[in-house]
Amino acid sequence: MITCYSHNNDGHAAIQLFKEMRQMSFKPDNFTYTSVLAALALIADRERHCHQLHCVVVKSGTGLVTSVVNALISVYVKCAFSPLASSSSLMASARKLFDVMPEKDELSWTTIITGYVKNEDLDSAKEVFDGMDEKLVVAWNAMISGYVQKGLVFKVFEMFRSMHSLGIKHDDFTYTNVLSACADAGLFLHGKQVHAYILRTEAKPAWAFMVSVNNALITLYWKCGELEQARSIFDSISIKDLISWNAILSAYVSKGKIHEAKSIFDEMSEKNMLSWTVMISGLAQHGSGEEALKLFSKMKSNGLEPCDYAFSGAITSCAVLASLEQGRQLHGQLIRLGFDSSLSAGNALITMYARCGVLDAAYSVFLTMPCLDSVSWNAMIAALGQHGHGNQALQLYEEMLEERILPDRITFLTVLSACSHAGLVEQGKQHFNSMNEIYGISPGEDHYARLIDLLCRAGKLTEAENVIRNIPFEPGASIWEALLSGCRLHGNMDLGVEAAERLFEMTPQNDGSYILLANMFATAGRWDDVATVRKFMRGRGVKKEPGCSWLEVENKVHVFLVDDTVHPEVLAVYSYMAELVLRLRKLGYIPDTKYILHDMESEQKEYALSTHSEKLAVVYGLLKLPKGATIRIFKNLRICGDCHNAVKFMSKAEGREIIVRDVKRFHHFKDGECSCGNYW
DNA sequence: CTAGGGTTAG
């Protein structure tokens with residue numbers, strides 16, 4: 001009965017029964033002690049628990065019985081893993097018990113080895129392992145799994161080969177370990193070789209039942225980019241378990257195949273927290289934030305308590321939607337549920353607050369998180385950069401280095417963007433060079449694109465051109481796009497046309513390049529060329545993504561399109577706008593019609609400017625939000641130059657703080673000025 | 001006593 005309780009993870013019930021047994025004067029035997037200790041291993045989490053149990057065992061006279069000592073070692077090992085106890089001293093005690101045991105069995109050896117592996121002391125694990133006369137497959141597997149977790153792939157291969165040459169048969173645990181090591185390290189050829197080896201070695205019928213191996217293969221193949229192969233392995237599994245379903249679900253989600261992911265999700269007869277979490281965050285990133293949030297509440301109404309990862313997905317949805325109120329509510333729930341120390345949720349919150357325009361809140365989450373990882377640092381550096389605080393972003397980066405956190409590829413992307421937004425050309429170049437020289441990370445296309453952007457914004461087009469010529473690989477679309485927008489900004493026609501031509505070849509369906517080129521011609525008054533570009537674009541069936549802006553009012557999101565006729569209160573917006581523009585002009589605002597892409601009468605142009613979605617949204621905010629409240633606007637494209645200017649005047653005329661997030665960065669308008677200092 | 005499925009940063 002005690003064993004039964006402990007198998008059901010009910011340690012307390014097991015102990016209660018043990019006490020009753022002793023009260024009724026039944027004498028516990030070796031089996032009793034073994035199963036009670038197994039139960040205690042479930043709940044013991046402090047050093048003194050271990051020592052007390054140790055005394056009980058010694059007094060009972062069972063201190064030399066192998067199964068009892070094994071169970072006691074197991075308690076020490078589990079406790080060592082608890083955050084409330086000192087891992088190294090408990091492992092030392094466990095080791096002492098192990099060393100003086102009169103008779104060790106298989107379990108004794110593997111318990112101590114896996115104990116060391118779990119506590120990340122691979123050297124000690126290896127030392128014990130080497131001392132085994134007859135090494136069991138379980139022990140091999142435990143060692144291998146340790147190397148997998150530490151990312152020591154070649155150690156994994158070494159062990160795998162040794163087993164083979166010593167004639168020890170690999171089992172399904174060995175295979176799954178090796179396959180996932182390959183998948184993690186991106187060693188796809190090795191992974192495929194292992195797959196071939198398994199097919200050669202294993203008899204068909206046994207192979208058919210190795211679900212776990214097939215599950216690991218699904219992951220290996222989708223990570224290689226071979227989604228179809230992953231799917232056909234999934235289809236070939238005769239008895240799929242939940243992990244098989246979750247594996248193929250993550251495959252589709254990670255590759256952005258939301259439609260396929262949804263149909264897998266719907267087909268699943270059993271789902272666990274992981275399935276929901278994968279689907280929610282997948283929707284947040286590749287689908288729609290709204291759908292993700294709907295799924296999150298559906299999950300709760302199905303009676304599942306979301307874990308912190310699920311919250312992270314929901315919070316990300318709020319970041320995408322710029323839905324500050326919902327984000328705040330989720331933050332509140334997180335605190336109530338005791339998840340506020342969660343790393344992943346904290347990281348998601350930093351980004352959510354930053355992308356909703358509340359930099360202070362992002363920073364205070366960052367400061368109060370109990371522990372940080374590179375994601376947290378990257379998120380906060382990115383947040384500062386997006387809000388135009390380049391110097392603070394760089395300062396935080398230095399702090400990160402002082403904390404001995406190694407920068408990764410993404411750190412450099414955020415650092416370069418931060419420099420670019422703030423015009424910190426020299427620092428940006430230095431950091432770019434340090435990537436390879438100090439940290440051994442070779443810059444990718446995206447890093448070069450940001451470097452080009454940095455140079456171009458600062459007007460250093462020739463230098464940018466030189467950099468492009470010396471890129472050690474064929475420059476991709478993002479690089480030419482950075483160059484083109486630089487040319488537009490500084491009116492460099494010839495270079496701009498060249499960049500645009502490359503883009504039309506590489507990404508013919510991307511509307512952005514056509515618009516940039518047309519914009520460049522429009523600024524120069526070359527209306528014939530503007531018309532040609534537009535015709536060319538139409539001829540290729542490319543449509544301009546319509547500009548839209550949105551804001552949250554009373555917990556509801558209001559969307560405005562250019563020249564909006566859909567929003568129910570748009571008439572009030574237009575009439576207030578007409579009156580407001582007059583006041584702005586008295587303050588010195590002059591509509592800048594070079595931002596209109598069609599050639600028309602100048603009065604018409606001025607009217608067209610006044611119907612830009614970001615202006616409509618700001619005016620709606622002025623009408624609806626309480627006096628003095630900050631207006632937060634979000635736009636799907638870059639803010640237009642005239643709007644940028646107009647909003648500056650609006651902030652002054654109305655005495656309001658206005659924050660605009662466009663696709664690239666934030667603008668904080670106050671007292672007629674913008675935080676970007678007109679550098680964007 | 002060993003394995004296979006998740007999150008957050010651009």
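Throughout, protein chains are lettered first and strands after them, A, B, ... in sequence-line order, and every chain is numbered starting at 1.
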Hey, does [X] reach any base, or is it just sugar-phosphate, or nothing, if we go heavy atoms under 4.0 Å?
{"X": "A/D241", "value": "base"}
{"X": "A/D408", "value": "base"}
{"X": "A/D308", "value": "nothing"}
{"X": "A/V211", "value": "base"}
{"X": "A/M273", "value": "base"}
{"X": "A/S376", "value": "nothing"}
{"X": "A/K664", "value": "nothing"}
{"X": "A/T277", "value": "base"}
{"X": "A/R450", "value": "sugar-phosphate"}
{"X": "A/S342", "value": "nothing"}
{"X": "A/V278", "value": "sugar-phosphate"}

Run the side-chain contact (heavy atoms from CB on, under 4.5 Å) test against A/Y197 and tell me which residues pass, sequence neighbours left out.
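A/Y197 satisfies side-chain contact (heavy atoms from CB on, under 4.5 Å) with A/F160, A/H164, A/H170, A/Y175, A/R200, A/T201 only.
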ask   = Should the pair A/E202-A/K169 be classified as a salt bridge under the 4.0 Å nitrogen-to-oxygen rule?
value =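 A/K169 and A/E202: salt-bridged.
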Any side-chain donor paired with an acceptor under 3.5 Å for A/S232 and A/D235?
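The answer is no; no qualifying pair exists.
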Determine whether the side chains of A/S344 and A/N347 contain a donor N or O and an acceptor N or O closer than 3.5 Å.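 Side-chain D/A pair, A/S344 to A/N347: absent.
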Verdict with supporting geometry, A/E127 and A/R95, side-chain contact (heavy atoms from CB on, under 4.5 Å): CA-CA 12 Å; A/E127 184 208 323; A/R95 177 62 181 272; 2.9 Å; yes
Walk me through whether A/S263 and A/D266 qualify under side-chain hydrogen bond (donor to acceptor under 3.5 Å, both in side chains). CA-CA 5 Å; A/S263 71; A/D266 292 338; over 6 Å; no
#### Entry: chain A contact limits on DNA chain B, taken 5' to 3' with a cut-off of 4.0 angstrom to heavy atoms
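Boundary nucleotides touching chain A, in 5' to 3' order, are B/dC1 to B/dG10.
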Note to self: Under 6.0 Å between ring centres: does that hold for A/W245 and A/F265?
What the structure shows: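 Here the rings of A/F265 and A/W245 have centres that are no less than 6.0 Å from each other.
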